[in-house]
Amino acid sequence: EVNNTFTVGNVRITLDETTVNELGEKTSDVRTTKGNAYKLIPGHTYTKDPTVTVKKGSEKCYVRAIVTINKATKLDEIFAPGVKLNTILTGTDSTKWMLKDVEKDATNDARIYTLEYYAPVDASADDVKLPELFKELVVPTSLTNGQLAELQGLEIKVEAHAIQAEGFASAAAAWAEFK
């Protein structure tokens, strides 16, 4: 008799950011997974540092983040059509996080940015905390009260995804299967 036992691998990640008050000032050493609320003021810089951690015991994996910003039409009017992600969210390490795609969701008046981590992540032995997607939200000093009012309800949604690297020739091949 021959008995075969199969185990299943897994990939686990977390996404969190610094807990801040409405002015973007750190209020706790405990990071939040729920997000923060901000009060927009011209010329102000806010801590906004979403960070992905691949948890210990995960299979080697590809990691990406999807950043969705609503009010795309208003942002285009204020900043220029096709506003770049780094116009308001700064501090991305472009040697670690690569901007792979930008699309406009006309139905929801949103712009969707896809960033991929530069290499597969191996967290077999320990948690691997990746560099933050960006570090700050910057409100330009040139914004008027009227423009700020038009941005009332601005939301920045960040999702993180991971998929095992084994079995895929590249990150592009893996994400093509994950639609």
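Everything numeric in this text was worked out from a predicted model, so none of it was measured.
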Apply side chain to side chain contact (heavy atoms under 4.5 Å, CB included) to residues Lys135 and Leu89 and explain how you reach the verdict.
CA-CA 7 Å; Lys135 294 180 181 182; Leu89 295 169; over 6 Å; no

Heavy-atom donor-acceptor pair, [X] side chain to [Y] backbone, under 3.5 Å:
{"X": "Asn108", "Y": "Ala110", "value": "no"}
{"X": "Asn86", "Y": "Thr90", "value": "no"}
{"X": "Ser58", "Y": "Ala123", "value": "no"}
{"X": "Tyr38", "Y": "Thr47", "value": "yes"}

Report yes if the side chains of [X] and [Y] come closer than 4.5 Å at any heavy-atom pair, otherwise no.
{"X": "Cys61", "Y": "Val63", "answer": "yes"}
{"X": "Thr33", "Y": "Leu15", "answer": "no"}
{"X": "Ile156", "Y": "Val67", "answer": "yes"}
{"X": "Tyr62", "Y": "Tyr117", "answer": "no"}
{"X": "Lys129", "Y": "Thr51", "answer": "yes"}
{"X": "Asp109", "Y": "Asn70", "answer": "no"}
{"X": "Val54", "Y": "Asp122", "answer": "no"}
{"X": "Ile41", "Y": "Leu148", "answer": "no"}

Would Trp97 and Tyr118 count as a close aromatic pair, with their ring centres under 6.0 Å?
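Centroid separation for Trp97 and Tyr118: 6.0 Å or greater.
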
For a quick test of reading the model, state the closest non-hydrogen atom pair linking [X] to [Y] and the distance between them.
{"X": "Ile163", "Y": "Val11", "value": "C-CG2, 4.5 Å"}
{"X": "Gln147", "Y": "Ser142", "value": "OE1-O, 3.8 Å"}
{"X": "Ala169", "Y": "Ala173", "value": "N-CB, 4.3 Å"}
{"X": "Ala125", "Y": "Lys56", "value": "O-CE, 3.2 Å"}

Distance (rounded to the nearest 0.5 Å) between [X] [atom1] and [Y] [atom2]:
{"X": "Thr68", "Y": "Ile112", "atom1": "OG1", "atom2": "CD1", "answer": "4.5 Å"}
{"X": "Lys84", "Y": "Leu75", "atom1": "NZ", "atom2": "CG", "answer": "14.0 Å"}
{"X": "Ile69", "Y": "Lys157", "atom1": "CD1", "atom2": "NZ", "answer": "13.0 Å"}
{"X": "Tyr46", "Y": "Glu22", "atom1": "OH", "atom2": "CD", "answer": "8.5 Å"}
{"X": "Thr32", "Y": "Asp16", "atom1": "OG1", "atom2": "CG", "answer": "8.0 Å"}
{"X": "Leu23", "Y": "Thr45", "atom1": "CG", "atom2": "OG1", "answer": "12.0 Å"}

What I want to check is whether the side chains of [X] and [Y] have a donor and an acceptor closer together than 3.5 Å.
{"X": "Arg64", "Y": "Thr114", "result": "no"}
{"X": "Glu1", "Y": "Asn3", "result": "yes"}
{"X": "Asp49", "Y": "Thr18", "result": "yes"}
{"X": "Asn36", "Y": "Glu17", "result": "yes"}
{"X": "Thr95", "Y": "Asp93", "result": "yes"}

Salt bridge Lys55-Asp127, side-chain N to carboxylate O under 4.0 Å
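Yes, charged N to carboxylate O under 4.0 Å.
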
With the threshold set at 4.0 Å, does a side-chain nitrogen-carboxylate oxygen contact exist between Lys48 and Glu136?
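No, no charged N to carboxylate O under 4.0 Å.
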
Determine, step by step, whether Arg12 and Asn10 satisfy the side chain to side chain contact (heavy atoms under 4.5 Å, CB included) criterion, reporting the C-alpha distance in whole Å, the side-chain angles of both residues, the deciding distance to 0.1 Å, and the verdict.
CA-CA 7 Å; Arg12 294 180 308 120; Asn10 70 69; 3.7 Å; yes

Does [atom1] in [X] sit with more than 12 non-hydrogen atoms of other residues, nucleotides or ligands closer than 6.0 Å?
{"X": "Lys71", "atom1": "NZ", "value": "yes"}
{"X": "Glu166", "atom1": "CD", "value": "no"}
{"X": "Glu25", "atom1": "CD", "value": "yes"}

Same apolar cluster (I L V M F W Y, side chains within < 4.5 Å links), Ile66/Leu130:
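No, because Ile66 and Leu130 fall into different hydrophobic clusters, even though each may have its own neighbours under 4.5 Å.
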
Treating Ile, Leu, Val, Met, Phe, Trp and Tyr as nodes and any side-chain heavy-atom pair under 4.5 angstrom as an edge, say whether Val138 and Leu143 lie in one connected cluster.
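Different clusters: Val138 never reaches Leu143 through Ile, Leu, Val, Met, Phe, Trp or Tyr contacts under 4.5 Å.
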
For a side chain to side chain contact (heavy atoms under 4.5 Å, CB included) check, start with the C-alpha distance between Leu154 and Leu40, then their side-chain angles and the critical distance, and finish with the verdict.
CA-CA 9 Å; Leu154 178 73; Leu40 297 181; 4.3 Å; yes

